[in-house]
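Residue numbers start from 1 in every chain, and the chains themselves are labelled A, B, ... in the order their sequence lines are given, proteins ahead of strands.
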Amino acid sequence: MPALKLHDTLTRTDRETTPLDGKTLRFYCCGPTVYGPAHIGNFRTFVAQDVMRRVVEASGTPTLHVRNITDVDDKTIRDSQKAGQSLLDFTQGWTQKFHIDCAALNLLPPHIEPSAVAHIPQQVAMIEKLVAGGHAYAAADGSVYFRVSSFKDYGKLSHLEDRELRLGASEAASATDRDEYTKDSLTDFALWKARKPEDGENFWPSPWGEGRPGWHLECSAMILEYLGEDFDLHSGGVDLIFPHHENEIAQSCCSTHGHFAHHWMHVAHLMVDGGKMSKSIGNLYTLEDLAKRGYSAVEVRYVLISGHYSATLNFTMHSLDSARQALQKLAKADKALERGPPSPQHSADSDNSATGQKEGAGLRSPAAGSEARAPGPFAEAWETLLHDLNVPGAMGAIFGVLNKLKLAALSPEEATAARNGLHFMLNALGLTLPAIADEAATDVPADIQALAQQRWDAKQAKDWAAADILRKQLEASGWLIKDSKEGFTVIAK
RNA sequence: GGCGAGGUAGCAAAGUGGUAAUGCACUGGUCUGCAAAACCGGUAUGCGCGGGUUCAAUUCCCGCCCUCGCCUCCA
C-alpha cells in the first residue's frame, strides 16, 4: 500500500512518511502537562496524531509512538502545593485522568510514555554536553541557559529571523522577569532553573546546584533516550512551533550529531464558538463537561476530526449534534450491511462477533474481523486520507459511497466486502459506532408506558382522534411513539 | 511590524484550470389513518472584493478587505 503523505512544517511541502530504518515509523508527540484535566483543544492534537498513527499502521507500516508526560513545571508545582499533595501524587492523579479520557476517545496508547521527572539524569547529561560544547552557560544564580547565537539554524522551523526574535509582544513583559538580568541575550532560554523558595521540595541536584530542568529540555532528552539522534517525525500543536520545537532542535542538534526530527507535523488550534480556547481565558470544555451535557467521547472525537488538522476548527454544541446524527447514519449503514455468514467456514467468526456486539452494550468495534484489511469500495476515501490526512474529504467519500450503494440490494458477498471496507476506514479514523438510537433501551416510566398502550389500543380501534391526543400528551411529556406493524416503541424525545 | 492559517450554501466542511463532495438542518415525493423510520429527490448560475492571464478560474497571478493564531515556556 502507498505511504501516507504528510505536510512537513520545516520544508513546507507534503512528504511521504517513509521510515528511516525501512521498517518502523518512529515518532514523538509532545504530551500534556498534567496539572488538571485536558480540554478538547488539547485532545484535538492528540486525536489528529492518533489518526496519523492509525493511517500509517493501516497502510502496513508499524509505528513506535512516544509521547511524554510533563510532570514538573511552574504550574504542576504551584497547583500541587495548592492541593496539598506531593508533586508526584498530584501529577499521577492527573495522568490517570488523562489516560481515562484518552481511552474514552479511542486513542491508541503510545508505546512509550516517559515522564520528565523520571528522566532528570538524562536531561542533566544533555546540559553538560551543551555546556562543554559552548552552547550553554551557567548564570550566577545557578541557572543554565542555552546560547541561541551558538546555533546558526535557530529559527529555521518557525521562519523567524534573529531580529524578529527580539521584537514581539513579550518584549515589554519580559523586562521585569528576573531571568532578564542573568541571561546574556534576551533570546536565550533556560535549560536548568535554579532552585527557588517557591519550588518547595521540588528540586534536584546538578553540577550547577539544586534546581529543576527547563521545559524544552525534557523532550530533547527523552527523544534521545527512546528514539535516538535521528527519528522520523515529531508532532505537536501549532503553538509549539515557537519556541518549544525550535528550542528542542537547538538543544538536540547541538548536543548530538544527528538531525533530530526528519518531519514535522503541527496541528492547528480548536476554537470554541468562534473564539480562542485556552486555559487562561477559561472557555474550555473537558470530556466531563460534555458528558454532563449528554455527549459521548466518540461524538467528541468525530467533531475533532471533522476539519482538516492543519486548519483551525470551530467547535460548537451544534457540531456535536451533527456528529451524533452522522454517527447514527454510519451505524445504520453498518447494520444494513450486516448479513448472515457468507459461507459455512466463516460461521464461527460471525458468531463471535455477534456475541461481542451484544456484550459491548452499544459500542461495536469495527475492524475486529480479520478481513477488514482493505478499503474495498471505499478506496477513494482511503486515498483521500493518505493525502495529508484529509479526514473531512475521506468522510465525504465514505458517505458518498454509502449513498450510492443500494445497501439492501447487495448480495451477501458484496455486503461483507462493503462492511469490511467500512470497518477498515472507521478503524483508520478511530471511530467506533454507537448503538442505533432505536435499539438503545431506555427505561420508560410505567405511566408513560400505560399511556402509550392506551394510544395503541385506540389506534387498533381506529379511533384516530383519541390516538392523536394521546400521542400529543406523550410528546408533551417528552416521549415519542414510533409505530410498526407489530407494535409500538416509546423513546425519549 | 514579522511569520502562519483561513474567508465556499442556514450551520459545518472538502475540492478542482472546464464549470461546486459530504454531514447537519430545511424541503418535495413514496410509504403510513397521521407520524416516525426507510427509500427516492430538491436546495450555492455560486466559491470575501476588484482587476489580470486563459478558449475556460472558485481553482493561477496582482492588489485590497476581513477573521483567527503565533512572536519565550498555551495542544
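- Taking side-chain N and O atoms only, A:Lys406 has no distance below 4.0 Å to OP1 or OP2 of B:C39.
- At a threshold of 4.0 angstrom between heavy atoms, the contacts of A:Gly396 include nucleobase atoms, whether or not backbone atoms are also involved.
- Base pairing of B:A44: no nucleotide in any strand meets the Watson-Crick or G-U wobble criterion (both distances under 3.5 Å).
- Base pairing of B:A36: no nucleotide in any strand meets the Watson-Crick or G-U wobble criterion (both distances under 3.5 Å).
- A donor-acceptor contact under 3.5 angstrom links the side-chain atoms of A:Lys193 to the base of B:C73.
- The gap from the C1' atom of B:G23 to that of B:U19 amounts to 24 Å, rounded to the nearest Å.
- Neither side chain, A:His65 nor A:His111, offers a donor N or O lying under 3.5 Å from an acceptor on the other.
- Between B:G15 and B:G2, the distance separating the two P atoms is 29 Å to the nearest Å.
- Both distances falling under 3.5 Å, in either a Watson-Crick or a G-U wobble arrangement, place B:G4 opposite B:C68.
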- Item | Residues A:Phe231, A:Phe260; criterion ring pair (Phe, Tyr, Trp, His ring centres under 6.0 Å); working and verdict | CA-CA 6 Å; A:Phe231 61 105; A:Phe260 202 54; 5.2 Å; yes
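- At whole-Å resolution of the value, CZ in A:Phe488 and P in B:A37 are 19 Å apart.
- We find that A:Asp50 and A:Arg301 are joined by a salt bridge, their nearest charged nitrogen and carboxylate oxygen being less than 4.0 Å apart.
- Nucleotide B:C11: paired with B:G23 (Watson-Crick or G-U wobble, both distances less than 3.5 Å).
- Closest to the side chain of A:Leu270, from the set B:A75, B:C40, B:C3, is B:A75.
- The listed nucleotides are B:A36, B:G23, B:A75; the one nearest the side chain of A:Asn42 is B:A75.
- The side chain of A:Asp468 approaches B:C34 more closely than any other nucleotide in the set B:C24, B:C34, B:A75.
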Give me the distances for all protein-to-nucleotides 13-15 of chain B N/O pairs that come in under 3.5 Å?
{"unit_1": "B:A14", "atom_1": "OP1", "unit_2": "A:His308", "atom_2": "N", "d": "2.7"}
{"unit_1": "B:A14", "atom_1": "O3'", "unit_2": "A:Asn390", "atom_2": "ND2", "d": "2.9"}
{"unit_1": "B:G15", "atom_1": "OP1", "unit_2": "A:Asn390", "atom_2": "ND2", "d": "2.9"}

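- When the P atom of B:G41 is taken as reference, atom NZ of A:Lys404 falls 12 Å away, rounded to whole Å.
- Using modelled atom types, one finds a donor on one side chain and an acceptor on the other under 3.5 Å when comparing A:Asp71 with A:Ser115.
- Rounded to the nearest Å, the gap between the C1' atom of B:A57 and that of B:G48 is 16 Å.
- Of the C1' atoms belonging to B:C31 and B:A38, the separation is 9 Å, rounded to the nearest Å.
- Between A:Lys332 and B:A38 there is a side-chain polar atom (N or O) within less than 4.0 angstrom of OP1 or OP2.
- Between the side chain of A:Arg324 and the base of B:C24 there is no donor-acceptor pair of N/O atoms closer than 3.5 Å.
- Separating the CD atom of A:Glu248 from the P atom of B:C73 is a distance of 16 Å, rounded to the nearest angstrom.
- Regarding A:Phe315, its CZ atom lies at a distance of 20 Å from the P atom of B:C68, rounded to whole Å.
- Side chains of A:Asn68 and A:Thr70: a donor on one and an acceptor on the other come within 3.5 Å.
- If you check B:A75, B:C24, B:C73 against the side chain of A:Trp215, the one that comes closest is B:C73.
- Nearest to the side-chain atoms of A:Arg471 among the listed nucleotides B:C71, B:C34, B:G4 stands B:C34.
- For the pair A:Ile77 CD1 and B:C73 C1', the computed distance is 13 Å after rounding to whole Å.
- A:Tyr154 and A:Phe151 have perpendicular rings, their planes meeting at more than 60° on a 0 to 90° scale where under 30° would count as parallel.
- Comparing the same atom, P, in B:G42 and in B:U22 gives a spacing of 10 Å after rounding to whole Å.
- For the pair A:Leu429 CG and B:G23 P, the computed distance is 15 Å after rounding to whole Å.
- Distance from the side chain of A:Asp239 is smallest for B:C74 among the nucleotides B:C74, B:C3, B:C24.
- Rounded to whole angstrom, the span from the CE atom of A:Met271 across to the P atom of B:A75 amounts to 17 Å.
- One side chain, A:His244 or A:Glu248, offers a donor N or O that lies under 3.5 Å from an acceptor on the other.
- Between A:Phe46 and A:Ala465, the residue anchored nearer the 5' end of RNA chain B, judged by the nucleotide with its closest heavy atom, is A:Ala465.
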- Could you go through the salt bridge (Lys or Arg N to Asp or Glu O under 4.0 Å) check for A:Lys196 and A:Asp141 one step at a time? CA-CA 10 Å; A:Lys196 289 180 286 188; A:Asp141 69 342; over 6 Å; no
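- One P atom belongs to B:G17, the other to B:A12, and the distance between them is 26 Å to the nearest Å.
- At a threshold of 4.0 angstrom between heavy atoms, the contacts of A:Arg455 include nucleobase atoms, whether or not backbone atoms are also involved.
- Nearest-nucleotide mapping onto RNA chain B: of A:Phe399 and A:Gly236, the residue sitting toward the 5' end is A:Phe399.
- A distance below 6.0 Å separates the ring centres of A:Phe46 and A:Phe98.
- Judged by distance alone, the side chain of A:Asp232 and the main-chain N or O of A:Phe27 form no donor-acceptor pair under 3.5 Å.
- Remark: B:C60 base-pairs with B:G52; criterion is Watson-Crick or G-U wobble with both hydrogen-bond distances under 3.5 Å.
- Distance from the side chain of A:Lys482 is smallest for B:A36 among the nucleotides B:C34, B:A36, B:C24.
- The separation of B:A36 from B:U27, taken at their P atoms, amounts to 10 Å, rounded to a whole angstrom.
- Summarising the geometry, the separation between CG on A:Asn403 and C1' on B:G42 is reported as 14 Å, rounded to the nearest angstrom.
- Base engagement by A:His269 is indicated by at least one non-hydrogen atom pair under 4.0 Å involving a base atom.
- Across the C1' atoms, B:A21 and B:A13 are found 10 Å apart, a figure rounded to whole Å.
- One finds a side-chain N or O of A:Lys75 lying less than 4.0 angstrom from the OP1 or OP2 phosphate oxygen of B:C74.
- Without hydrogens or angle criteria, A:Gln123 side chain to A:Ala116 main chain gives a donor-acceptor distance under 3.5 Å.
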